[in-house]
S.K.: 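My questions will all concern the structure given below.
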Amino acid sequence: MAEPTFKAPKGTRDILPPESGRRRALIDAFAQQAELAGFGEIMSPIFEDLGVFKRLGESTDVVTKEMFDFFDKGDPPQHLALRPELTASVCRAFAEHRPTPPWKVWYEGPQFRYEQPQAGRYRQFAQVGIETLGTDDPQADVDAIALGWHFYASLGLREITLLLNSLGDPTCRPAYMEALRTYLSDNAASLSPQSQVTLERNPLRVLDSKRAEDAAIISAAPLMVDFLTDETREHFETVRAGLDQLGIPYELSPRLVRGLDYYTRTTFEFAADALATAQNAVGGGGRYDGLVEDLGGPATPGIGFALGVDRILLACDAEGVFTTPESAVKVFVVDVTGGSHALGVCTTLRNAGIGADRSYGGRSMKAQMKVADRSGAPFAAIIGEDEVVNGEVTLRDLRGDTGQQRIALADLAEHVARLLS
RNA sequence: GUGGGCGUAGCUCAGUUGGUUAGAGCGCCUGGUUGUGGUCCAGGAGGUCGGGGGUUCGAAUCCCCUCGUUCACCCCA
């Protein structure tokens, strides 16, 4: 094959039409639902000071090995990084602007992680998400989870499992971490070599191991839920009660830890059971009550989630739902008089809000009709010498069996609008 | 970062133990229908077989290197 000179960088890809239209429809749907719930859109920079993301935790892979970072041309140069996620950016913005809480924002956009690509994992990937800052009311947790849950349902997805856990807070986490570390250290010899390394960095994440040899040790490990303080336990119970009230099913997942260090109390993940790939988490989130303060802002609790657009679409493919939207072109103008008459007809239709397209290059009627057919437009408007003389067009039904008829040019837009309604 | 699979036409893939001008289906273009698509028929365009080196009289086919891609681990959306 003649190799093109340039290709999209590893882990990135071009999203071409019509697939791009499907993604936009997904984002539009999310935007609408978030706005209905009182969230406003935040548009933050695609890169930030590296320090913003370091607060995600020095023991996380996202910070230690997956950051796209670079220096700018300043003097001294600033160390910047492409955002690997958006929660930290939102918290940075909160600390910077001090909006009145509760502050509810939604977002969408690309994020970047330097990883080996595989099914459902890209170096540039897209997420939609929400964050609620300034309240630790468990009702806010329920609202957030419900918004995510109903969003998947609105796309037509049925095979989504909500996994729920509480990771405790700074008053109860240390005792648990100590118990977990002791237990895992005592059994370190039975753990996989990789998990022994992970144990040194962050014992919590050993619970995430998918290796078979770790399963036995992990299944007998102490659980966070047994170490929760009364207050944290009550918070968690209230979240669960709210989900029950809304009829949202969930699965308690006491070993769900999530990859970022900032999570406290409520954590959750949405898994797409229809995905056969290793990456079946289509969304995740939780509380991060200390993050704004870490970034230099006032002590501010927060709850939010991010949903992976790429993976959601893979899940939709697997379930055969949320298919590509049909073309906006309703009339394909076939002009065999040279093409200049199509200019006016297309303009008239478009100005009337009716999608119209045409072909170029003065091709034969047969060729133009083929293009009209492929365009997906329900109608073809044919212009020949005869129509021009009479100030008419021939409107042909490409999808049904009503044939074709002559329409006065002046009546075309109105006539088509009536047929489409 | 680690391991496995795969790189032949725009796409999906065949290419027998290495043997003349490298094939199919789909898609695309033209014609059959000098004003009519979707079905059908005929013809056509399109490939330095990912790249480099080696073995050989001869390599898409065998060997080495390299790049890309894909799946998995790690981790995450």
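Convention: sequence-line order gives letters A, B, ...; per-chain numbering from 1.
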S.K.: Checking contacts here: which listed nucleotide (B:rC29, B:rU36, B:rC75) is nearest the side-chain heavy atoms of A:Met365?
M.R.: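 The listed nucleotide nearest to A:Met365's side chain is B:rU36.
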S.K.: Taking atom C1' in both B:rA22 and B:rU69, compute the distance separating them and give it to the nearest angstrom.
M.R.: 24 Å
S.K.: Quick check on B:rC75: is either OP1 or OP2 less than 4.0 Å from any side-chain nitrogen or oxygen of A:Thr198?
M.R.: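 Yes.
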S.K.: Can A:Arg287 be said to sit on top of A:Tyr263's aromatic six-ring, NZ or CZ under 6.0 Å from centre and within 45° of the ring axis?
M.R.: no
S.K.: For A:Leu398 and B:rG37, what is the distance between atoms CG and P respectively, to the nearest whole Å?
M.R.: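 After rounding, the gap between these two atoms is 11 Å.
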S.K.: Taking OP1 and OP2 of B:rG35, is either one under 4.0 Å from a side-chain nitrogen or oxygen of A:Arg406?
M.R.: no
S.K.: Could a donor-acceptor pair under 3.5 angstrom be found where the side chain of A:Asp373 meets the base of B:rG38?
M.R.: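 No such pair is found, so the answer is no.
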S.K.: Are A:Arg258 and B:rC75 close enough that a side-chain N or O sits under 4.0 Å from OP1 or OP2?
M.R.: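 Answer no for this pair, as no side-chain N or O of A:Arg258 is under 4.0 Å from OP1 or OP2.
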S.K.: Considering only the P atoms, how many Å lie between B:rG18 and B:rA24, rounded to the nearest integer?
M.R.: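 The same atom, P, in both gives a distance of 24 Å.
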S.K.: Expected output check: what is the dot-bracket annotation of RNA chain B, where ( ) and [ ] are pairs inside the strand (brackets for crossing ones), | is paired with another strand, and pairs are Watson-Crick or G-U under 3.5 Å?
M.R.: (((((((..((((.....[...)))).(((((.......))))).....(((((..]....))))))))))))....
S.K.: For the C1' atoms, the ones on B:rU12 and on B:rG47, what distance do you get once it is rounded to whole angstrom?
M.R.: 16 Å
S.K.: Would you give a per-nucleotide map of nucleotides 1-6 of chain B, 5' to 3', where B means the base has a protein non-hydrogen atom under 4.0 Å away, S means only the sugar-phosphate does, and - means neither?
M.R.: BB----
S.K.: Give me the distances for all protein-to-nucleotides 39-46 of chain B N/O pairs that come in under 3.5 Å?
M.R.:
none

S.K.: Are the charged groups of A:Asp310 and A:Arg121 less than 4.0 angstrom apart, N to O?
M.R.: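 A:Arg121 and A:Asp310: not salt-bridged.
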S.K.: When rounded to the nearest Å, what value does the distance between P atoms of B:rG58 and B:rU66 take?
M.R.: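 My reading of the P atoms in B:rG58 and B:rU66 gives 26 Å.
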S.K.: Under 3.5 Å, is there any donor-acceptor pair linking the side chain of A:Arg374 to the base of B:rG38?
M.R.: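 By the distance-only test, no, there is no pair.
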S.K.: Heavy atoms from C-beta onward define the side chain here; which of B:rC74, B:rA77, B:rU30 lies closest to that of A:Arg113?
M.R.: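 Nearest nucleotide to the side chain: B:rA77.
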S.K.: Of the nucleotides B:rU30, B:rA77, B:rC75, which has the atom closest to the A:Tyr122 side chain?
M.R.: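 Closest of the options to the side chain of A:Tyr122: B:rA77.
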S.K.: If you measure from the C1' atom in B:rU39 to the same atom in B:rU20, how many Å do you get, rounded?
M.R.: 40 Å
S.K.: Quick one: is B:rG68 close enough that its OP1 or OP2 comes under 4.0 Å of any side-chain N or O from A:Lys10?
M.R.: no
S.K.: In whole Å, what separates the C1' atom of B:rC29 from that of B:rC13?
M.R.: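 Rounded to whole Å, the distance is 23 Å.
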S.K.: With hydrogens left out and only the distance checked, is there a donor-acceptor pair under 3.5 Å joining A:Gln404's side chain and the base of B:rG35?
M.R.: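 No such pair is found, so the answer is no.
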S.K.: Would you measure the distance from the P atom in B:rC26 across to the matching atom in B:rG43 and give it in whole Å?
M.R.: 14 Å
S.K.: Would you mind reading off the distance between A:Lys7 atom NZ and B:rG51 atom P, rounded to a whole angstrom?
M.R.: 12 Å
S.K.: For A:Glu387 and A:Arg406, what are the C-alpha separation, side-chain angles and deciding distance, and is it a salt bridge (Lys or Arg N to Asp or Glu O under 4.0 Å)?
M.R.: CA-CA 8 Å; A:Glu387 284 85 349; A:Arg406 291 290 194 94; 3.7 Å; yes
S.K.: Quote, to the nearest angstrom, the P distance that separates B:rC41 from B:rG4.
M.R.: 47 Å
S.K.: Could you check how far CG of A:Asn202 sits from P of B:rC75, rounded to whole Å?
M.R.: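 Rounded to whole Å, this separation is 10 Å.
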